[in-house]
Structure formats: structure tokens, C-alpha cells
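Report on one structure; see the data block that follows.
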Amino acid sequence: QVQLVESGGGLVQAGDSLRLSCAASGRTFSSYAMGWFRQAPGQEREFVAAINWRLGTTYYADSVKDRFTISRDNARNTVYLQMSSLKPEDTAVYYCAAQEGITPYSSRYSYTTSGKYDYWGQGTQVTVSS
């Protein structure tokens with residue numbers, strides 16, 4: 001059974017950096033896409049970033065591009081989201097997700113759509129104060 005455990009959230013000030021971790025277990029993730037999504041109070045869950053585990057191909061939402069970096073550590077089975085230049089509007093619960101069956105021909109839509117993901121973590125709170 002796939003398990004995803006996020007960590008690294010917290011309270012920071014605008015302009016600070018933070019790194020989220022997602023420890024994945026239960027499968028070999030070479031044919032998976034791993035994604036980060038976030039949900040602010042009263043808002044829908046939105047895509048943040050995603051990575052093809054085997055190829056390392058990355059995708060970002062426009063709102064975080066050039067500020068956030070997604071990466072993975074194969075030896076640790078862990079996906080990271082390095083967040084810099086944080087803004088108050090980045091405040092949300094951040095979720096890690098895994099999608100099985102990704103291929104080199106999968107479209108950006110597959111990576112950025114929450115309904116395509118099969119497994120979810122419990123979430124970690126990120127709060128950015130102004």
C-alpha cells in the first residue's frame with residue numbers, strides 16, 4: 001500500500017524559504033508522477049508542482065514558477081518542494097500526491113490535474129505572515 005507522509009511545514013515570514021518533504025513508501029515509484037498541491041481556506045485544491053520520478057521532468061504552476069523547485073531523492077524515496085521568496089498568498093495546506101502509470105508521453109494535463117492522482121498524503125500547513 002502506498003503511503004505518503006509530508007513534513008516541513010510551518011510559520012514563516014514573507015520572503016523566507018521553506019522545504020517540504022514527502023516520504024513515499026509501499027511501491028517502486030519509477031513509473032509514477034509525484035505532485036504537490038495546496039488548498040487555502042475556502043478555496044479549491046490547486047496544482048503547485050509535479051515531477052516524473054524516473055525522468056525528472058518537472059512542471060510548475062505559473063504562480064510559483066521561479067520561486068519553487070520540486071526534486072526527488074531516489075535513495076530516500078523522498079520528494080521535496082523547495083520554496084523561496086514566500087508570499088502570504090502561498091499560505092495553504094500542502095499535499096503530496098502520487099500518480100501511477102505515468103509514461104514519457106503523458107501530457108502536462110496528467111501532471112497538473114488532481115483527479116489524476118491515486119494517492120494522497122495528510123497534508124502539512126504552511127503559513128506565511130506579511
Side-chain angles (χ1 to χ4, degrees):
Q1 183 175 352
V2 173
Q3 278 197 314
L4 305 174
V5 180
E6 303 100 330
S7 61
L11 172 63
V12 296
Q13 293 187 332
D16 284 351
S17 298
L18 203 59
R19 189 178 78 163
L20 305 183
S21 300
C22 172
S25 62
R27 294 281 170 82
T28 300
F29 291 93
S30 57
S31 62
Y32 277 64
M34 303 297 294
W36 285 97
F37 291 77
R38 66 187 182 186
Q39 188 167 19
Q43 297 187 20
E44 293 187 355
R45 191 169 298 188
E46 65 172 359
F47 169 74
V48 176
I51 187 168
N52 180 304
W53 192 289
R54 183 171 66 87
L55 299 176
T57 313
T58 58
Y59 301 84
Y60 295 95
D62 289 342
S63 59
V64 306
K65 196 173 181 180
D66 298 328
R67 297 190 298 124
F68 291 10
T69 302
I70 188 171
S71 63
R72 85 275 193 239
D73 184 329
N74 291 333
R76 290 183 168 85
N77 253 19
T78 300
V79 176
Y80 302 101
L81 184 68
Q82 179 67 48
M83 305 184 293
S84 60
S85 302
L86 283 162
K87 305 175 181 179
E89 50 263 44
D90 294 318
T91 296
V93 177
Y94 283 70
Y95 297 92
C96 176
Q99 179 183 157
E100 57 190 349
I102 208 74
T103 76
Y105 310 103
S106 295
S107 66
R108 175 182 172 88
Y109 178 82
S110 295
Y111 289 90
T112 63
T113 304
S114 59
K116 293 287 188 179
Y117 285 79
D118 304 290
Y119 306 97
W120 292 83
Q122 82 288 351
T124 186
Q125 176 71 47
V126 173
T127 303
V128 184
S129 64
S130 57

If I compare all heavy atoms of Arg67 with all of Ser85, which pair ends up nearest, and what's the gap?
NH1-O, 2.9 Å

Quick check: do Val2 and Asp118 have side-chain heavy atoms less than 4.5 Å from each other?
no

Aromatic ring pairing Phe37/Tyr117, orientation class (parallel under 30°, perpendicular over 60°, tilted between):
perpendicular

Atom CD of Gln3 with >12 non-hydrogen neighbours under 6.0 angstrom:
no

Scan side-chain atoms only and decide if Asp66 and Tyr60 contain a donor-acceptor pair under the 3.5 Å cut-off.
no

Test of understanding: with side chain to side chain donor-acceptor pair (under 3.5 Å), list the residues that count as partners of Tyr32, not counting sequence neighbours.
Arg27, Glu100

If only side-chain N and O atoms count, and only distance matters, is there a donor-acceptor pair under 3.5 Å linking Gln82 with Ser84?
no

Looking at Gln99 and Ala33, would you say the former's side chain and the latter's main chain have a donor-acceptor pair under 3.5 Å?
no

Minimal non-hydrogen separation, Val48 against Phe68, with atom names
CG1-CD2, 3.7 Å

Give the cluster check for Val64 versus Val12: same hydrophobic cluster or not, with ILVMFWY residues linked at side-chain heavy-atom distances below 4.5 Å.
yes

Flag, side chain of Thr124 to backbone of Ser7, donor-acceptor distance under 3.5 Å
no

Less than 4.5 Å apart, any side-chain heavy atom of Leu20 and any of Met83?
yes

For residues Ala98 and Met34, report the shortest heavy-atom separation together with the two atoms involved.
CB-SD, 3.6 Å

Would you say Trp120 and Val126 are hydrophobically clustered, going by side-chain heavy atoms of ILVMFWY under 4.5 Å?
no

Would you check if Gln125 and Leu11 make a side-chain contact, meaning some heavy-atom pair closer than 4.5 Å?
no

Please give me the minimum heavy-atom distance between Val5 and Gln122, naming the atom from each residue.
CA-OE1, 3.9 Å

Roughly how far, to the nearest 0.5 Å, is CG of Leu4 from OG1 of Thr78?
10.5 Å

Would you compute the distance between atom CD1 of Ile51 and atom CD1 of Ile102 and round it to the nearest 0.5 angstrom?
12.0 Å

Are Ile70 and Tyr59 close enough, and set up right, to give a side chain to side chain contact (heavy atoms under 4.5 Å, CB included), and what steps lead you there?
CA-CA 8 Å; Ile70 188 171; Tyr59 301 84; over 6 Å; no

Please check if atom CZ in Arg108 has more than 12 non-hydrogen atoms from other residues, nucleotides or ligands closer than 6.0 Å.
yes

Heavy-atom distance under 4.5 Å between the side chains of Arg72 and Cys22, does that happen here?
no

Indicate yes or no: at least one non-hydrogen side-chain atom of Ser63 is less than 4.5 angstrom from one of Arg38.
yes

When every non-hydrogen atom of Trp36 is compared with those of Ser21, the smallest separation belongs to CH2-O, 3.7 Å

Contacts of Gln13 that satisfy side-chain contact (heavy atoms from CB on, under 4.5 Å) - sequence neighbours left out:
Asp16, Ser129

Give, for atom CG of Leu81 and atom OG1 of Thr69, the distance between the pair rounded to the nearest 0.5 Å.
8.0 Å

Donor-acceptor pair, distance only, cut-off 3.5 Å: does the side chain of Thr28 make one with the backbone of Ser30?
no

So do the side chains of Asn77 and Trp53 get within less than 4.5 Å of each other, counting heavy atoms only?
yes

Specify the closest pair of heavy atoms between Lys116 and Ser110, including all atoms of both residues, with the distance to one decimal.
CB-O, 3.6 Å

Tyr95 and Gln39, any side-chain heavy atoms less than 4.5 Å apart
yes

